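Because the structure is a prediction, the values reported are computed rather than measured.
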Amino acid sequence: MKLPSGIPSSWYGGLRNFLGMPVISEKKRGIPLRLSHKRARALLLAGVLFCGAATSLAQTGTTPGPSAPGQTIPGTTGVSLFASSVPDKLVPGVLPLSLQDAIDRGLKKNLGLLLSNADIGSARGERWEQLSALLPHVTAAPTVTDSKINLAALGISSLDGIKIPASDGPFSYFDARVSVTQSLFDWKSIDATRAAGQSLKSAGYSYKDARDLVVLAVGYVYLQAIADEARIETAQAQVETAQALYDQATDQVNAGTSPAIDGLRANVELQTRKQQLIQARNNFAIQKLTIARVIGLASGQEFEVTDKSPYQPFDGITLDEALKRAYVSRSDYQAATSDVRAAEFSRKAAVAGYLPSLGFSADYGTAGSHPSTATQVFDVHGTLSIPIFQGGSVQGDILQADARLEQSRERLDNLRAQIDSDVRAALLNLQSSADEVDVARSNIDLAEETLAQSRDRFGAGVTDTVEVVQSQEEVASAHEQYIASLYSYNLAKISLARALGAAEEGVKEYFKGK
């Protein structure tokens, strides 16, 4: 499968031509065509994120198939996290599914988002675990004991010549106290708690970024389904045109005005177009399975994609403005910044292993041989712990913390550069694909006019079916290129929305109307 020129191969995971298309109808020539496009958005990523491309019919003469269900969603990490989901209950009948409906379902059922939400709970638990070292610990431990001691077993048989009984007891005692321990000063625990707090912030930002990735994943598969459905309509139109040519060629062969080979060529062209229609329908059916997996529809759930929207111009944004918005809005960038802060506090906590700590403990209660005769008792302790030699464990902690800090800073620098690249690439693709759409539109008109003249020439006996078949191939190629250019255009819009860190808002802003 060949990629169209100008589309990075790393973007080819799918999103092939999800867009809508204006109605183009030419009843006289037997080429009814209706293609569409709808709001979309999303990518895969933080890096969730894009595949581009449809194969060139002019070069291959085939309809590109969709990506396989369960494959990596462009711009997301992991093979199947954002391409998977927790299935919902089966809904009777055929479910109408708009792009916004699909996104809403994905934000509830997508596996990548659910796991990211669980990460927040884990980070919150870790923070409480670190904070526990700074909070007071209160325990109550009442005890009642009844004992008899075997003195002979302890080697006690006499004292100053006085023989002692082999055993003593039974006797009892009672102790009931409330104990409190509190760290008064422990800089290591303080910095460890701060580090855990930053990790919790990072998990929160990662969850927001996961929502963007879900929107990207849903938009990717939904809009690709729109493109596949448009290809069915295109393939159907090509079958009707090929059928009309075959009927015309058959009539002329039967009339003796054309050789039999003209009828054979027309028949071959008709069968080829029928094969492409079969493949297009299969691609669409498979893509619907992919949608169901991404948004959590029940197995066997019947649904129809309802959104089909035409080409919509994009209100431009300057590079400086886009970069400024991206660095402020990108949740993955904010998460990476929090990771750096967490690593800085972790290093401080490691260094604080050399510092003394001050603790306090106390208990208060009653004690005696029996609860009825117990009296008040208490203990109060203050402890200053001064580390002297710890076998190099603190130095080991510092070295590990240094390594984690350096890694987090390098990841942040890399992500900053990646955001810059994402924004620039999206803007460049947006401009070039918009120009390609204009050229593709005019190319369709030219190709259809060429086909009309070729059919007229064939009907007049001036040429044979070779010229007509070639003209029909050019029409098919022109429509495929139009789909590909529209796909690239909408892909760039989704890519930009993701690059700016506003996927959910981007769907509504960049894909308005139905």
* Would you check, one step at a time, whether the test side chain to side chain contact (heavy atoms under 4.5 Å, CB included) holds for T383 with F360? => CA-CA 6 Å; T383 303; F360 165 84; over 6 Å; no
Backbone N/O of [Y] and side chain of [X]: donor-acceptor pair under 3.5 Å:
{"X": "N110", "Y": "F82", "value": "yes"}
{"X": "S485", "Y": "S433", "value": "no"}
{"X": "Q130", "Y": "G125", "value": "no"}
{"X": "S122", "Y": "A118", "value": "no"}
{"X": "S329", "Y": "G501", "value": "no"}
{"X": "Q301", "Y": "V91", "value": "yes"}
{"X": "Y333", "Y": "I419", "value": "no"}
{"X": "S432", "Y": "N429", "value": "yes"}
{"X": "T193", "Y": "S189", "value": "yes"}
{"X": "E344", "Y": "L405", "value": "no"}

* **Exceeds 12 heavy-atom contacts within 6.0 angstrom, atom CD of E129** => no
* Asked: Is it true that atom OH of Y173 has more than 12 heavy atoms of other residues, nucleotides or ligands lying nearer than 6.0 Å?
  ->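 No - once you tally the heavy atoms of other residues, nucleotides and ligands closer than 6.0 Å, there are 12 at most.
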Can you tell me how far the [atom1] atom of [X] sits from the [atom2] atom of [Y], to the nearest 0.5 Å?
{"X": "I398", "Y": "S346", "atom1": "CD1", "atom2": "OG", "answer": "12.5 Å"}
{"X": "F378", "Y": "T366", "atom1": "CZ", "atom2": "OG1", "answer": "14.0 Å"}
{"X": "L289", "Y": "F284", "atom1": "CG", "atom2": "CZ", "answer": "10.5 Å"}
{"X": "L134", "Y": "F185", "atom1": "CG", "atom2": "CZ", "answer": "10.5 Å"}
{"X": "Q100", "Y": "R105", "atom1": "CD", "atom2": "CZ", "answer": "12.5 Å"}
{"X": "D101", "Y": "F303", "atom1": "CG", "atom2": "CZ", "answer": "12.0 Å"}

* Asked: Name the one of D422, D212, D209 that satisfies salt bridge (Lys or Arg N to Asp or Glu O under 4.0 Å) with R330?
  ->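 Of the listed residues D422, D212, D209, the salt bridge (Lys or Arg N to Asp or Glu O under 4.0 Å) partner of R330 is D422.
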Going by the rule salt bridge (Lys or Arg N to Asp or Glu O under 4.0 Å), which residues pair with [X] if we only count those two or more places apart in sequence or in a different chain?
{"X": "R194", "answer": "D191"}
{"X": "R404", "answer": "none"}
{"X": "D420", "answer": "R424"}

* For N414, what residues pass the side-chain hydrogen bond (donor to acceptor under 3.5 Å, both in side chains) criterion, not counting sequence neighbours? -> none
Could you tell me whether the side chain of [Y] reaches within less than 4.5 Å of the side chain of [X], counting heavy atoms only?
{"X": "H137", "Y": "S132", "value": "yes"}
{"X": "I295", "Y": "K109", "value": "no"}
{"X": "L496", "Y": "F314", "value": "yes"}

* To do: Taking side chain to side chain contact (heavy atoms under 4.5 Å, CB included) as the test, write out the residues that go with T143, two or more places apart.
  => D175
What are the two closest heavy atoms between [X] and [Y], and how far apart are they?
{"X": "Y222", "Y": "T306", "result": "OH-N, 3.2 Å"}
{"X": "Y327", "Y": "R416", "result": "OH-O, 3.2 Å"}
{"X": "A499", "Y": "A326", "result": "O-CB, 3.3 Å"}
{"X": "S202", "Y": "D339", "result": "OG-OD1, 2.7 Å"}
{"X": "P87", "Y": "L297", "result": "CB-O, 4.1 Å"}
{"X": "V138", "Y": "V178", "result": "CG1-CG1, 3.8 Å"}

* Structure fact -> Quick note, salt bridge (Lys or Arg N to Asp or Glu O under 4.0 Å) partners involving residues 369-379, not counting sequence neighbours, are R177-D379
* Asked: Is there a side chain to side chain contact (heavy atoms under 4.5 Å, CB included) between D363 and V377 once you walk through the steps?
  -> CA-CA 8 Å; D363 61 65; V377 293; 5.7 Å; no
* Quick one: do E302 and K288 make a salt bridge, cutoff under 4.0 Å? -> no
* To do: Check step by step if side chain to side chain contact (heavy atoms under 4.5 Å, CB included) holds for R293 and S84.
  => CA-CA 5 Å; R293 287 293 298 124; S84 304; 3.5 Å; yes
* Start with the C-alpha gap between V305 and I291, add the side-chain angles, then the distance that decides, and say whether side chain to side chain contact (heavy atoms under 4.5 Å, CB included) holds. => CA-CA 10 Å; V305 293; I291 291 177; 4.3 Å; yes
* If you measure only the distance, is there a donor-acceptor pair under 3.5 Å linking the side chains of Y354 and Q390? -> no
* Asked: Going by distance alone, is a donor N or O of one side chain under 3.5 Å from an acceptor N or O of the other, for D228 and Q224?
  -> no
